Amino acid sequence: MTNTPWQSQPFSTLKIRVAALVYCGDDVALLRRDRPDSVHYTPIGGNVEPGEDLRAALARELWEELGLDISHADGGELLWMVDQRVSRPGPTPPPRKLHLIHRLRVTPEVRSTLATEERDEQPDGSHETGHIEWIAHQDTRDLPIFPPLGPHLARLGPRTPVTDAALPAVTDDNYRWV
């Protein structure tokens with residue numbers, strides 16, 4: 001398939017990523033990725049497949065990455081939306097990505113059954129291992145989290161109400177790809 005001129009421009013395609021902040025008490029599960037020059041964290045989740053229902057995508061991603069059957073968690077409300085328009089290294093134009101971040105709560109019993117690592121298949125067939133870390137949400141302010149949620153997450157407890165779901169956009173003006 002040949003790209004039309006507008007498809008070869010940065011941010012001309014839109015991808016949707018669903019993710020969840022999974023709480024157990026005041027701890028929240030984050031996926032840590034160790035790279036040669038950096039470490040960063042992300043909420044558990046991934047891209048929505050073409051034609052996939054958003055709720056089904058969230059359930060699939062939580063099962064694939066955390067081993068969490070969503071029926072064993074409370075909550076699931078949409079907390080935040082983040083609009084990402086960040087350039088990145090590589091030959092393909094970066095997509096615009098809309099991050100839909102939900103909140104779930106699990107019991108200590110459920111937490112004890114969840115994965116501690118996640119293997120992500122790379123385009124070349126190799127795998128990258130991510131580590132699931134449970135971190136007190138109050139300690140996330142300065143963590144390198146993408147999208148950059150640290151200050152917001154540090155204030156957000158497992159049941160804290162959210163009054164505005166739209167977090168600031170992430171652009172080349174306020175973020176550098178790591």
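Just so it is clear, the structure is predicted and the values come from calculations on it, not from any experiment.
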Where [X] and [Y] come nearest, the two heavy atoms and their spacing:
X: Gly75; Y: Arg105; result: CA-NH2, 3.6 Å
X: Glu52; Y: Asn47; result: OE1-O, 4.5 Å
X: Leu143; Y: Asp139; result: CG-O, 4.1 Å
X: Val82; Y: Pro168; result: CG1-O, 3.9 Å

Any donor and acceptor pair, going by atom type alone, linking the side chain of [X] with main-chain N or O of [Y] inside 3.5 Å?
X: Thr116; Y: Ile132; value: no
X: Arg55; Y: Gly76; value: yes
X: His137; Y: Leu153; value: yes
X: Glu128; Y: Asp120; value: no
X: Arg103; Y: Trp80; value: no
X: Arg17; Y: Gly45; value: yes
X: Asp27; Y: Trp134; value: no
X: Arg32; Y: Glu133; value: no

Taking the side chain as everything from C-beta on, heavy atoms only, tell me whether [X] gets closer than 4.5 Å to [Y].
X: Val48; Y: Leu58; result: no
X: Pro43; Y: Glu61; result: no
X: Thr140; Y: Leu30; result: yes
X: Leu114; Y: Cys24; result: no

Determine, using the 4.5 Å side-chain heavy-atom cutoff (strictly less than), whether [X] and [Y] are members of one ILVMFWY cluster.
X: Leu21; Y: Ile70; result: no
X: Tyr23; Y: Ile101; result: yes
X: Phe11; Y: Ile16; result: no
X: Leu79; Y: Val170; result: yes
X: Leu104; Y: Leu54; result: yes

Discussion item. Taking CG in Asp124 as the centre, count heavy atoms belonging to other residues, nucleotides or ligands within less than 6.0 Å. Is the count above 12?
Written reply: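 Correct, the count exceeds 12.
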Rounded to the nearest 0.5 Å, what's the gap from [atom1] on [X] to [atom2] on [Y]? Could you check?
X: Glu64; Y: Ile44; atom1: CD; atom2: CD1; result: 12.0 Å
X: Tyr41; Y: Ile135; atom1: OH; atom2: CD1; result: 4.5 Å
X: Arg33; Y: His131; atom1: CZ; atom2: NE2; result: 9.0 Å
X: Leu156; Y: Asp26; atom1: CG; atom2: CG; result: 10.5 Å
X: Arg85; Y: Asn174; atom1: CZ; atom2: CG; result: 9.0 Å
X: Leu62; Y: His72; atom1: CG; atom2: NE2; result: 13.0 Å

Worksheet item: Can you list the steps and then say if Arg60 with Val18 is a side-chain contact (heavy atoms from CB on, under 4.5 Å)?
Response: CA-CA 10 Å; Arg60 176 184 52 77; Val18 291; over 6 Å; no
Worksheet item: Does Glu77 pair with Arg159 as a salt bridge, N-O distance under 4.0 Å?
Response: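 So Glu77 does not pair with Arg159 through a salt bridge.
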Worksheet item: Using the ring of each side chain (for Trp, its six-membered ring), is Phe146 parallel, tilted or perpendicular to His99, with breaks at 30° and 60°?
Response: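 Phe146 vs His99 ring planes: perpendicular.
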